[in-house]
Asker: 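This structure is in structure tokens; I'll ask about it shortly.
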Amino acid sequence: MTVDVVIAVRGGAGAKSRCAGLIDGAALAAAMLRDMVEAARACPHVAAVHVVTPTPEIAAGLPVHLIVEPAAAGVNAAFERAQAALPPETTLVLLPGDLPQLRADDLSALIAAHEPGGVTVVPSATDAGTGAIVLTAGHAMRFAFGPGSFARHMAEPGARRFDRAAIGEDLDRPEDAARALVMGGRHSRACLSAQIRAGQMQEAT
């Protein structure tokens with residue numbers, strides 16, 4: 001089975017607002033996106049990578065297809081836009097753009113676990129949320145990403161659960177950065193390390 005990966009990312013000055021004042025959210029969002037795209041492109045089961053964003057400059061130079069939003073409307077609206085833009089028979093892996101630990105083998109395992117025609121849902125590690133959904137573009141489903149969304153997505157007829165730590169470990173709060181600094185992709189680690197060093201230098205002056 002081959003799939004298209006869809007990554008929804010806000011980017012820009014408002015990115016990662018829960019980390020405001022501690023982490024440069026715009027730089028981190030761009031670094032995480034780069035890591036996720038590299039992971040997706042390295043997965044042999046991925047035919048194409050689409051990025052849905054209101055800030056297309058975040059994907060500059062990346063080997064992706066852009067789906068540009070006129071304004072930031074949230075991750076659920078972004079996935080609905082992607083569904084409408086892609087052929088209905090296409091199997092999609094829907095990913096929020098804040099999964100810095102994602103690797104190609106995580107995607108391979110998720111794709112292998114998916115049953116064609118069904119819906120596969122990955123739980124997130126915090127807030128009882130959702131880390132990913134796999135379904136066909138033509139499958140009518142009301143997305144509800146956010147706190148408590150896993151139970152709502154699992155209520156979908158035919159939904160099946162799949163657990164994979166790297167897909168559920170999102171970076172949404174400052175305390176998540178410590179994990180990403182160790183386990184994240186190379187761009188995320190470099191971005192966080194640079195910000196930590198800059199902060200230490202400011203404190204020393």
Side-chain angles (χ1 to χ4, degrees), residues 5-44 46 49-66 68-69 72 74-75 78 93-110 122-132 145-147 163-205:
V5 167
V6 176
I7 304 172
V9 58
R10 178 176 178 178
K16 299 290 107 186
S17 58
R18 292 194 199 181
C19 301
L22 299 172
I23 295 172
D24 181 342
L28 182 57
M32 289 191 294
L33 177 62
R34 187 167 295 273
D35 282 326
M36 292 180 67
V37 170
E38 286 187 358
R41 297 292 297 177
C43 177
V46 173
V49 180
H50 308 268
V51 172
V52 191
T53 181
T55 52
E57 60 272 16
I58 196 174
L62 295 179
V64 301
H65 303 281
L66 272 176
V68 181
E69 299 175 283
V75 66
V93 178
L94 306 180
L95 302 171
D98 58 357
L99 303 176
Q101 298 182 48
L102 184 72
R103 301 290 189 272
D105 60 346
D106 300 310
L107 285 171
S108 292
L110 173 58
V122 181
S124 67
T126 58
D127 298 329
T130 303
F145 280 81
D163 291 270
R164 190 79 174 187
I167 303 176
E169 298 281 6
D170 59 349
L171 198 165
D172 202 33
R173 293 166 293 196
E175 55 265 34
D176 301 327
R179 182 181 64 244
L181 189 59
V182 177
M183 303 292 291
R186 63 190 180 100
H187 300 291
S188 300
R189 295 198 313 270
C191 180
L192 289 167
S193 295
Q195 292 188 44
I196 290 172
R197 287 195 299 272
Q200 290 172 340
M201 290 176 64
Q202 289 178 354
E203 289 177 1
T205 57

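Along the sequence shown, the residues carry numbers beginning at 1.
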Asker: Kindly write out the residues that satisfy ring-ring contact (aromatic ring centres under 6.0 Å, His included) with H50, not counting sequence neighbours, or none if the list is empty.
Answerer: H65
Asker: Using side-chain heavy atoms (C-beta onward) and a distance below 4.5 Å, is V37 in contact with M32?
Answerer: no
Asker: Hey, could you give me the CZ/CG distance between R10 and D98, rounded to the nearest 0.5 Å?
Answerer: 13.0 Å
Asker: Would R164 and L110 count as a side chain to side chain contact (heavy atoms under 4.5 Å, CB included) here? Give the steps.
Answerer: CA-CA 8 Å; R164 190 79 174 187; L110 173 58; over 6 Å; no
Asker: Taking R41 for its side chain and A39 for its backbone only, find out whether a donor-acceptor pair lies under 3.5 Å.
Answerer: no
Asker: What do the steps show when you test V9 against I58 for side chain to side chain contact (heavy atoms under 4.5 Å, CB included), and what is the final call?
Answerer: CA-CA 9 Å; V9 58; I58 196 174; 3.8 Å; yes
Asker: Return the minimal non-hydrogen interatomic distance between G185 and R103, and the atom names on each side.
Answerer: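 Result for this residue pair: N-NH1, 3.8 Å.
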Asker: Evaluate the side chain to side chain contact (heavy atoms under 4.5 Å, CB included) criterion for residues V6 and V93: first the C-alpha distance (whole Å), next the side-chain angles of each, then the deciding distance (0.1 Å), finally the verdict.
Answerer: CA-CA 6 Å; V6 176; V93 178; over 6 Å; no
Asker: Are the side chains of P123 and D163 in contact, using a 4.5 Å heavy-atom criterion?
Answerer: yes
Asker: If you take all heavy atoms of E69 and G74, which pair is closest and at what distance?
Answerer: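 In this case the closest contact between E69 and G74 is OE2-O, 4.2 Å.
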Asker: Say whether, by atom type as modelled, one donor and one acceptor occur between the side chain of D35 and the main chain of H187 under 3.5 angstrom.
Answerer: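 At least one qualifying donor-acceptor pair exists.
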Asker: Rounded to the nearest 0.5 Å, what's the gap from CG on L102 to CG on L107? Could you check?
Answerer: 4.5 Å
Asker: What are the two closest heavy atoms between A72 and P54, and how far apart are they?
Answerer: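 Closest heavy-atom pair between A72 and P54: N-CB, 3.6 Å.
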Asker: Does the side chain of T55 come under 3.5 Å of the side chain of T53 through a donor N or O and an acceptor N or O?
Answerer: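 Per modelled atom types, T55 and T53 side chains form a pair under 3.5 Å.
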Asker: Side chains of L33 and I7: closer than 4.5 Å at any heavy-atom pair?
Answerer: yes
Asker: Can M36 and V64 be said to form a side chain to side chain contact (heavy atoms under 4.5 Å, CB included), step by step?
Answerer: CA-CA 11 Å; M36 292 180 67; V64 301; over 6 Å; no
Asker: Quick check: closest heavy atoms across G131 and L95, and the distance to 0.1 Å?
Answerer: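 For G131 and L95, the tightest heavy-atom pair comes out as O-CD2, 4.2 Å.
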Asker: Just grab all the salt bridge (Lys or Arg N to Asp or Glu O under 4.0 Å) pairs involving residues 177-189, residues at least two apart or on different chains.
Answerer: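 Non-adjacent pairs meeting salt bridge (Lys or Arg N to Asp or Glu O under 4.0 Å): E38-R186, E169-R179, D176-R179.
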Asker: How close do A40 and V49 get, heavy atom to heavy atom, and via which atoms?
Answerer: CB-CG2, 3.7 Å
Asker: Taking all atoms of both residues into account, what is the closest heavy-atom pair of V75 and F145, and its distance?
Answerer: CG1-CB, 3.5 Å
Asker: Please check this pair: side chain of S124 against backbone of G129, looking for a donor-acceptor N/O pair closer than 3.5 Å.
Answerer: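 Yes: the side chain of S124 pairs with the backbone of G129.
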Asker: Salt bridge (Lys or Arg N to Asp or Glu O under 4.0 Å): which pairs involve residues 25-34, sequence neighbours left out?
Answerer: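 Every pair satisfying salt bridge (Lys or Arg N to Asp or Glu O under 4.0 Å) with a residue in residues 25-34: there are none.
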Asker: With rounding to the nearest 0.5 angstrom, report the CG to OG distance, L181 to S193.
Answerer: 4.5 Å
